[in-house]
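Please read these numbers as outputs of a predicted model, since none were measured by experiment.
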Amino acid sequence: MSLGAVRLRRQEALTRRIGVLGGSVLHEAALRTGVGGEEVMRAQPERLREVGRSRHVPVRVLPIGRCNGVALAGPIVVLETPDRDMSAYAEGPEVSVLHASPDKVSVLNQRPAVIRTHALSIEESAGYIRRVAEEV
């Protein structure tokens, strides 16, 4: 399954399943880098605001200049099963890995926690995304 298909399945799971919690911290560069053309860049902020209005999928923005070393290492998805087993999926420039070792998951789980402390609040992020949409 392609990475794009995996991301779409994750997006569907977050919108249709009750009890599934998620959250996202987006680096400001993801909002400002022109990918997909003008139409996509105009639609992206509205979609993010729509998703962010969901109580179980908060969207936060990490401004440029905050927490760069940790934030630029690549995305991490931390998963917890109903039985409390945890795993972490980490993406890098040339490799993507699913970790199940409790020690490795613990280390990887700390990175999003550090990033969240530097990100804007949910409310500040919504306003920031709105302002970016107005600039496009």
- Message: Under the side-chain hydrogen bond (donor to acceptor under 3.5 Å, both in side chains) definition, can you give me all pairs with a residue in residues 32-42, not counting sequence neighbours?
- Response: Glu28-Arg32, Arg32-Tyr128, Arg32-Glu135, Glu38-Arg42
- Name all pairs fulfilling the side-chain hydrogen bond (donor to acceptor under 3.5 Å, both in side chains) condition that reach into residues 117-126, sequence neighbours left out, sorted by first residue then second. Ser121-Glu124
- Task: State, with a plain yes or no, whether a side-chain heavy atom of His27 is found less than 4.5 Å away from one of Leu62.
- Result: yes
- Does any non-hydrogen side-chain atom of Leu31 lie less than 4.5 Å from one of Leu48? yes
- Note on the structure: The side-chain contact (heavy atoms from CB on, under 4.5 Å) partners of Ser106 (sequence neighbours excluded) come to Gln110
- What residues, two or more places apart in sequence or in another chain, satisfy side-chain contact (heavy atoms from CB on, under 4.5 Å) together with Asp103? Ser101
- Spacing of CZ belonging to Arg131 relative to CD1 belonging to Ile129, to within rounding of 0.5 Å: 10.0 Å
I'd like to know if the side chain of [X] reaches the main chain of [Y], judged simply by a donor and an acceptor atom lying under 3.5 Å from each other, with no hydrogens or angles considered.
X	Y	answer
Thr81	Asp83	yes
Arg60	Val25	no
Arg130	Ala126	no

- Excluding Ile76, membership of its hydrophobic cluster (Ile, Leu, Val, Met, Phe, Trp, Tyr; side-chain heavy atoms within less than 4.5 Å) reads Val78, Met86, Val105, Leu108
- Joining Ile, Leu, Val, Met, Phe, Trp and Tyr whenever any side-chain heavy atoms lie under 4.5 Å apart, the cluster holding Val95 also takes in Val97
